[in-house]
Amino acid sequence: MEDQYPRYSLALLGDFSADTADAIESVIAEKIEALGLEFGEDVTLYRGSARGFNPRIDRCCAALCARIDPSDEGVIERLMYREVPIIPVARTRESFAAEFPGDLGVLNGLPLTDGPALLAHSLLEASSLVPRQRRVFLSYRRIESTEAALQLYAALCARQYEVFLDTHGILPGEHFQEVLWQRLSDSDVLVYLDTPGYFESRWTDLEFNKASLRNIGMLRVGWPKVAPRHTRLISGEVQLAEADFLENGNIGDSALATILNTIEFCRTKSVAQRYADIIHKVTCSVEAAGGRIIGRSSRRGLVVSIRDQVIVVYPELRVPTSESLYEATLEDHLPPVAVVYNEEGIEERKWVAHMSWLTARVKKHVRLVKANASGNTLLDW
């Protein structure tokens with residue numbers, strides 16, 4: 001069964017000292033436990049030669065890479081082209097070029113002097129395992145499943161997810177529908193409580209279809225005697241029985257644990273698939289415009305050559321923000337740098353106005369680009 005594999009695969013590749021690797025592992029184990037995940041089961045950390053790291057690319061994965069044996073350079077290159085985020089780690093910033101003369105030398109990395117905590121955070125961030133990256137949208141009918149929705153909301157928040165629930169996620173005075181679609185576009189997983197009348201509601205039916213449009217992972221939590229619909233679109237399923245419910249309408253502990261574990265499984269697959277999709281869109285669009293992908297940068301970045309100009313492109317999985325633009329400038333690439341995003345379903349007028357205003361002012365350094373039009377946009381540059 002595919003569920004026997006870890007949800008997330010991390011690695012320390014190359015010449016890390018035992019003390020350094022132990023310190024990084026200790027920080028990672030502590031952070032993973034705080035997410036409600038089991039280190040060694042849900043999240044694994046491989047330590048050793050690059051030849052021994054073979055993660056599933058349909059799950060989130062990432063690696064820190066210290067000095068490697070020259071014979072392993074081809075292995076590292078293959079990992080990079082499988083879209084595994086690789087972060088080089090040098091002894092000092094000044095020794096970076098000497099330690100990484102091959103393909104890793106084109107990536108911006110970190111020095112060991114940054115310390116275990118920052119190195120561990122960078123690895124967790126590259127594998128989408130920091131709390132601000134963990135986002136779930138709860139879709140339900142209030143008249144049928146409010147108690148269970150509130151219970152799931154609390155349980156997910158305890159696992160350091162950012163959870164959107166319509167009664168908690170929209171401030172007074174905000175445009176309800178626009179905020180709803182924006183938060184859905186920003187989520188990793190749609191968890192829908194499939195009660196008898198779920199698809200009879202216009203709003204829940206729209207939420208389901210918009211999540212499908214953006215290829216967001218969809219987990220069905222099925223109520224007793226409710227037959228599943230649209231099975232080809234869902235990423236996972238937990239079918240509940242009458243015995244799984246308590247008298248107050250809450251879900252029993254065992255079934256709740258199953259739902260939480262399945263959400264984590266759907267999330268890692270959803271994130272990996274959507275990164276692959278946006279990179280595929282960019283690649284096809286660039287090639288259609290006469291350009292090509294000539295390399296990779298860290299954080300899943302692509303190095304594009306188009307009309308003899310080299311542009312670094314960073315895929316943004318969620319709704320881009322000013323922080324997305326800022327982070328694209330951190331690795332000292334020649335400007336301008338592109339942040340590419342999937343524009344499907346992102347419609348909030350306030351966001352559009354804000355990002356248009358912002359990108360007009362930082363255009364010399366970083367620009368926001370729609371994935372489907374990325375080739376022609378970069379060609380215009």
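The figures that follow rest on heavy atoms only: side chains count, while hydrogens, waters and symmetry mates do not.
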Between S270 and C266, is there a donor-acceptor pair closer than 3.5 Å when you use the side chain of the first and the backbone of the second? no
Could you check whether S139 and Y198, counting side-chain N and O atoms only, form a donor-acceptor pair closer than 3.5 Å? yes
Would the number of heavy atoms belonging to other residues, nucleotides or ligands and lying under 6.0 Å from NZ of K370 be above 12? no
Any side-chain to backbone donor/acceptor pair from S49 onto G52? Under 3.5 Å, distance only. no
Could you tell me whether a side-chain N or O of R141 sits under 3.5 Å from a main-chain N or O of P196, the two making a donor and an acceptor? no
Nearest 0.5 angstrom please: I76 CD1 to R51 CZ, how far? 10.0 Å
Are R134 and Y161 in a cation-pi setup, meaning NZ or CZ lies under 6.0 angstrom from the ring centre and within 45 degrees of the ring axis? yes
Residues in side-chain contact (heavy atoms from CB on, under 4.5 Å) with S285, at least two apart? S374
So, taking the atom named CG in L138 and the one named CG in L165, what distance separates them when rounded to the nearest 0.5 Å? 5.5 Å
How would you list all residue pairs meeting salt bridge (Lys or Arg N to Asp or Glu O under 4.0 Å) that involve residues 273-294, not counting sequence neighbours? D188-R274
Salt bridge or not between R214 and E344? Use side-chain N to carboxylate O under 4.0 Å. no
Return the NZ to CZ distance between K364 and R367, rounded to the nearest 0.5 Å. 10.5 Å
Once rounded to the nearest 0.5 Å, what's the spacing between atom OG1 of T262 and atom CD of E237? 10.0 Å
Using the side-chain contact (heavy atoms from CB on, under 4.5 Å) criterion, which residues pair with A211? Sequence neighbours excluded. L184, L190, I216, M218
Rounded to the nearest 0.5 Å, how far does OH of Y5 lie from CG of D58? 9.5 Å
How would you list all residue pairs meeting side-chain hydrogen bond (donor to acceptor under 3.5 Å, both in side chains) that involve residues 8-25, not counting sequence neighbours? Y8-E264, Y8-R267, D15-R91, S17-T20, D22-R47, E25-R47
Could you tell me which residues satisfy side-chain hydrogen bond (donor to acceptor under 3.5 Å, both in side chains) with R82, sequence neighbours excluded, listed by chain and number? N54
Table please: side-chain donor-acceptor pairs of residues 243-250 below 3.5 Å, with sequence neighbours left out.
from : atom 1 : to   : atom 2 : distance (Å)
D244 : OD2    : A241 : N      : 2.8
N248 : OD1    : N250 : N      : 2.9

Where the side chain of E77 meets the backbone of E73, is there a donor-acceptor pair that is under 3.5 Å apart? no
Once the angle between the rings of Y314 and H333 is folded into 0 to 90°, is it parallel (under 30°), tilted (30 to 60°) or perpendicular (over 60°)? tilted
When the ring planes of F208 and H230 are compared, do they come out parallel, tilted or perpendicular, using 30° and 60° as the limits? tilted
Salt-bridged, R318 to E162, with N to O below 4.0 Å? no
Would you confirm whether S128, through its side chain, and Q133, through its main-chain N or O, come within 3.5 Å as a donor-acceptor pair? no
